[in-house]
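Let me begin by presenting the structure, written as structure tokens, before commenting on it.
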Protein chains: 2
Amino acid sequence: MSPYDPSAFPPFAVTVDLVVLTVRHHALCALAVRRGEPPYQGRWALPGGFVRADEDLTQAAARELAEETGLHAQNGAHLEQLATYGDPHRDPRMRVVSVAHLVLAPDLPAPRAGGDARSARWAPVGELLHDGGPERGPGDGSSLAFDHDRILADGVERARSKIEYSSLATAFCPPEFTVGELRRVYEAVWGVALDPRNFHRKVTGTPGFLVPTGGTTTRQGGRPAQLFRAGGAALLNPPMLRPEI
Amino acid sequence: MSPYDPSAFPPFAVTVDLVVLTVRHHALCALAVRRGEPPYQGRWALPGGFVRADEDLTQAAARELAEETGLHAQNGAHLEQLATYGDPHRDPRMRVVSVAHLVLAPDLPAPRAGGDARSARWAPVGELLHDGGPERGPGDGSSLAFDHDRILADGVERARSKIEYSSLATAFCPPEFTVGELRRVYEAVWGVALDPRNFHRKVTGTPGFLVPTGGTTTRQGGRPAQLFRAGGAALLNPPMLRPEI
DNA sequence: GGAATAGTGTCTCTCAGACATTATCGA
DNA sequence: TCGATAATGTCTGAGAGACACTATTCC
């Protein structure tokens, strides 16, 4: 290993980008902001910004999250580092390394971006990732700015994988939720239909996953459903199984 | 999101650090190099170095790997990004963000570091992470430089977790290997004993995991064992199950 | 023959998947 | 009463864990 030479290291800009996911209207949605300046002016992008000289990467991500959504990572939302993207040409102006973070949040009020609703929106990830139909494709102007398509795809795949073996699906739910609401989260994130009976048996039988609050709700219509809070367990054992294809 | 201001971003140094793991003598070992200059002069550290101005993060990791071990990522070794560490004070001299990478390699010849064997070694991760006994602890001079203890711990946990649901355990083996050799890899990485009969049934019954070469070997002594190559499957379904505790 | 490792077989219990029925609300 | 959702129960097959036996080599 060559020794450090503090006077001769190449300077980088370091940013954080956020993949903020939520479940709205039975669909997995990501937060997108419209770029107001070049490059990629007018295109949708993931929210993000520079890491400041005195803050940690996680702090920077939490600060950007609060600035973009008003959401604080301690209020039920989950924040974790996703991956780092550093292709030399990912930003045409300078060398930028971006540390992407993944946020899982309950369904929120309309996003805000400096108060301008047209510059921020929740978009179904299927639309953003061009799964919506054959008429769309990369490079036709509908894809996200920079390499944010890939970052978003990586974040979605992380979320889909992680709700299998962790209790993170509860991060998409309000503080108290029903088994049916939790099932609809799994169905939206995975894009599959799950058997309500097997799902109910599974989640209520996994130790530490759900804690009954004693209350009930009829907000979904039909018979009143028991309310639960997230249990303390971080890892599910045995895991939830994602149906094949 | 505040717009880019190319003239006013805080400059960072970006490095790659490597968690290079292998299985030697029935133990999971990591590559450590001795630091030749301050800070932490004389202490063991993970190999690594600066990312150059024109190279991608993965390229930088592969280059450092080749410089430290002579190992090329295409020769059976596995290289993937691990996580990024950017605490403002992780390096006392300047703001350094390190993108850690994880390498899984077969048992190699003795490491080299500029030809000086005393400045690089394979160390059992149990020793490096102070699991060896109560007489050792953080801060007593036996821990790694910078935040490399944590990086190593994260890399080891990634490896332990990933061989459950992927075929990556074969990256610790030579191109042709026996079921028993693969079992000893799992035993070393997880630190547990596995039932040879159930293990054999499991790995040979998982589609795409192992491909018989037709050859046999007696290098382990005893009855000749069939030789296998890694199959094409990247993900194991159903996964290998790590015994509890 | 003895020691070592390789390979196969059997039993049981857990659990996921498929499926039916009853319960309790609002309109 | 109807239509919605919630909750519980039964059956079956796949598979993991525990365990016994045979096979083939080198000494």
Side-chain angles (χ1 to χ4, degrees), chain A residues 25-26 163-165 169 173 176-188 190 192-228 233 235-245, chain B residues 25-26 163-165 169 173 176-188 190 192-228 233 235-245:
Chain A
H25 314 310
H26 294 203
I163 64 173
E164 289 190 68
Y165 59 88
C173 297
E176 297 198 351
F177 53 89
T178 70
V179 172
E181 290 165 347
L182 184 62
R183 175 171 50 82
R184 279 179 280 275
V185 164
Y186 274 92
E187 290 178 332
W190 285 343
V192 297
L194 299 175
D195 185 287
R197 301 157 291 190
N198 293 336
F199 183 85
H200 188 282
R201 177 186 55 192
K202 175 68 178 171
V203 296
T204 56
T206 300
F209 194 8
L210 300 184
V211 177
T213 67
T216 61
T217 182
T218 59
R219 61 185 168 216
Q220 297 292 339
R223 172 176 169 177
Q226 293 180 52
L227 285 169
F228 294 86
L235 293 182
L236 304 182
N237 200 352
M240 301 290 301
L241 288 188
R242 172 159 38 161
E244 327 231 342
I245 304 177
Chain B
H25 314 309
H26 293 205
I163 64 174
E164 289 190 68
Y165 59 88
C173 297
E176 296 197 354
F177 53 90
T178 71
V179 172
E181 290 166 345
L182 183 62
R183 176 171 50 82
R184 282 180 278 275
V185 163
Y186 274 92
E187 291 178 333
W190 284 343
V192 297
L194 299 175
D195 185 287
R197 301 157 291 189
N198 293 337
F199 184 86
H200 189 283
R201 177 186 56 190
K202 174 68 179 173
V203 296
T204 56
T206 299
F209 194 7
L210 300 184
V211 176
T213 67
T216 61
T217 182
T218 59
R219 61 185 169 217
Q220 298 292 337
R223 171 177 170 177
Q226 293 181 52
L227 285 169
F228 294 86
L235 294 182
L236 304 182
N237 201 351
M240 300 291 300
L241 288 188
R242 170 160 37 162
E244 326 231 344
I245 305 178

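As a basis for the values below, the full set of heavy atoms in this structure was taken, side chains included, without hydrogen atoms, waters or symmetry mates. In what follows, chains are A, B, ... by sequence order, proteins preceding strands, each numbered from 1.
The nearest whole Å value for the distance from the NE2 atom in B/His200 to the C1' atom in D/dC19 is 17 Å. Whole-Å rounding puts the A/Phe199 CZ to D/dT5 P distance at 16 Å. If you measure from atom CG of B/Leu194 to atom C1' of D/dA18, you get 14 Å, rounded to the nearest angstrom. Distance, B/Glu181 CD to C/dA6 C1': 12 Å, rounded to whole Å. In this structure, A/Asn237 atom CG and D/dG17 atom P are separated by 11 Å, rounded to whole Å.
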Practice problem: May I have the step-by-step check of side-chain contact (heavy atoms from CB on, under 4.5 Å) for A/Thr178 and A/Leu227, ending in yes or no? | Solution: CA-CA 5 Å; A/Thr178 70; A/Leu227 285 169; 3.9 Å; yes
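Counting distance only, with no hydrogens placed and no angle test, the side-chain atoms of A/Arg201 and the base atoms of C/dG17 include a donor-acceptor pair under 3.5 Å. Side-chain atoms of A/Arg223 and base atoms of D/dG3 include no donor and acceptor less than 3.5 Å apart. Interface remark: the A/Arg197 side chain does not form any donor-acceptor pair with the C/dA18 base, using a distance-only criterion of under 3.5 Å.
Across all strands, A/Arg183 comes closer than 4.0 Å only to sugar-phosphate atoms, never to a base (heavy-atom distances). Within the 4.0 angstrom heavy-atom criterion, no nucleotide atom of any strand lies near B/Pro196.
Contact check, A/Gln226 against D/dA6: no side-chain N or O comes under 4.0 Å of OP1 or OP2. Remark: B/Lys202 is not in phosphate contact with D/dG15, judged by side-chain N or O atoms under 4.0 Å from OP1 or OP2.
Mapping A/Gly222 and A/Pro239 onto DNA chain C via the closest heavy atom, the residue that lands nearer the 5' end is A/Pro239.
B/Glu187 places no side-chain N or O within 3.5 Å of a backbone atom of B/His26 that could act as its donor or acceptor partner.
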